[in-house]
Amino acid sequence: MSKVSLEGQVAVVTGAARGVGELLARKLSARGAKIALVGLEPDELKQVAGRLHSDADWWHADVTDHEAMAQVAREVKERFGKVDIVVANAGVATGGPFVDSDPDAWRRVIEVNLIGSAVTARAFLPVLMESRGYLLQIASLAAITPAPMMTAYCASKSGVEAYAHSLRAEVGYKGVRVGVGYLSWTDTDMVRGADQDDVMRELRQRLPWPSNKTYPLGPAVDRIVDGIERRSSHVYAQWWLRGMQGVRGYLPALIGTVGQREMRRFEGRLGTVSKGLVGAGGAADESVRAR
């Protein structure tokens with residue numbers, strides 16, 4: 001599909017206080033889009049909004065809260081007059097062996113990444129239908145391939161991928177295009193937080209190339225912006241992820257074999273892996289829920 005100018009379009013970005021969401025907001029703003037930022041960190045959101053090149057505003061809301069997100073959708077429509085683009089980017093992660101995992105942290109990953117994405121879409125689909133707009137669901141390499149020590153994250157990202165593909169078939173005839181964005185390990189607070197754990201970092205370094213690298217944030221977000229401009233069904237933040245689609249059917253068996261070997265290697269150290277949400281975003285989520 002040919003590119004659509006972002007000048008004057010209204011884009012909503014969840015999880016916009018940092019990382020992919022923050023830089024995406026900046027790059028969309030630089031192309032003339034008006035930006036509605038949504039997240040859990042009001043001070044950071046206010047600062048991000050203040051640095052943008054175009055008209056912008058921010059909303060403090062938990063993406064898992066139906067009533068709060070419905071209110072955000074109403075207020076964004078009132079503030080900007082329309083909504084053309086929604087990027088469901090908010091996400092958290094936890095790692096470690098499933099059998100020893102914190103049930104609350106495990107559930108929260110599913111709630112934010114999967115349920116929160118659905119709540120976001122439910123709130124904004126009516127206005128996207130009015131504008132014949134575009135919903136981009138941020139997924140992950142974790143949707144394409146399973147990985148030991150990442151059960152919650154893989155489950156949540158596989159879930160949003162399947163959900164978004166199903167939704168595309170439902171709303172396409174009403175003019176709403178739905179895309180799925182895939183990222184490998186990208187230099188964000190979430191990935192840096194996971195890397196603070198020695199076992200998780202060493203396990204990742206033992207993955208086969210090119211999945212063992214951490215990729216710079218800027219080029220990844222540039223690819224996402226290009227996908228938004230094209231209203232793409234599939235958006236790949238790293239060039240090689242497109243090729244993974246063709247081999248994904250073979251990956252569960254391969255990971256099952258290789259993963260067992262790696263788990264044996266690290267067995268004596270598995271008890272040291274942190275059980276909470278990782279990174280600054282995870283800390284913010286836990287702080288809000290603790291109040």
Side-chain angles (χ1 to χ4, degrees), residues 15 19-20 63-64 90-117 138-163 182-215 238 241 244 247-290:
V20 171
V63 294
T64 68
V92 294
T94 186
F98 172 73
V99 70
D100 296 323
S101 61
D102 178 341
D104 292 333
W106 203 98
R107 179 186 291 269
R108 185 61 179 170
V109 173
I110 303 296
E111 288 176 346
V112 173
N113 299 4
L114 176 53
I115 306 302
S117 294
I138 298 298
S140 169
L141 171 63
I144 298 175
T145 179
M149 309 276 278
M150 292 177 58
T151 53
Y153 196 73
C154 287
S156 70
K157 292 302 185 178
S158 295
V160 294
E161 180 193 43
Y163 144 77
Y182 300 89
L183 295 92
S184 183
W185 304 92
T186 304
D187 188 20
T188 62
D189 285 320
M190 180 187 291
V191 171
R192 286 192 294 270
D195 277 352
Q196 289 177 1
D197 190 290
D198 292 343
V199 172
M200 296 298 291
R201 183 179 66 253
E202 291 174 37
L203 263 174
R204 188 160 73 82
Q205 290 170 346
R206 294 179 60 81
L207 293 171
W209 182 90
S211 61
N212 59 349
K213 291 180 58 180
T214 297
Y215 292 86
Q238 284 83 27
L241 288 171
M244 295 291 288
V247 301
R248 63 188 297 172
Y250 302 97
L251 295 175
L254 175 63
I255 298 298
T257 299
V258 175
Q260 289 183 62
R261 183 190 68 203
E262 295 301 318
M263 294 302 287
R264 285 194 192 97
R265 179 190 299 273
F266 287 95
E267 184 174 17
R269 300 167 59 193
L270 295 179
T272 67
V273 178
S274 171
K275 294 181 172 63
L277 302 179
V278 301
D285 186 272
E286 290 179 334
S287 174
V288 167
R289 288 184 295 123

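- Defined by atom type and a distance below 3.5 Å, a donor-acceptor pair is missing between the side-chain atoms of Y182 and Q238.
- In this structure, R204 and N212 have side chains that are not in contact, with every pair of non-hydrogen atoms separated by 4.5 Å or more.
- Using a 4.5 Å heavy-atom cutoff, the side chains of R248 and M244 are not in contact.
- Residues M200 and V278 fail the side-chain proximity criterion, which asks for heavy atoms closer than 4.5 Å.
- Within the 4.5 Å cutoff, the side chain of S211 has heavy atoms near those of the L141 side chain.
- The residue from M263, R264, E262 that alone fulfils the side chain to side chain contact (heavy atoms under 4.5 Å, CB included) condition with F266 is E262.
- The shortest distance between side-chain heavy atoms of D104 and R107 does not fall below 4.5 Å.
- Listed for the N113 side chain is a donor-acceptor partner under 3.5 Å among the backbone atoms of V92.
- Side-chain contact between T186 and T214 is absent, with no heavy-atom pair separated by less than 4.5 Å.
- The residues E202 and R269 are annotated as salt-bridged, a charged nitrogen and a carboxylate oxygen being separated by less than 4.0 angstrom.
- The closest side-chain heavy-atom distance from I255 to T145 is below 4.5 Å.
- Side-chain contact annotation: Q196 with S274, donor-acceptor N/O pair under 3.5 Å absent.
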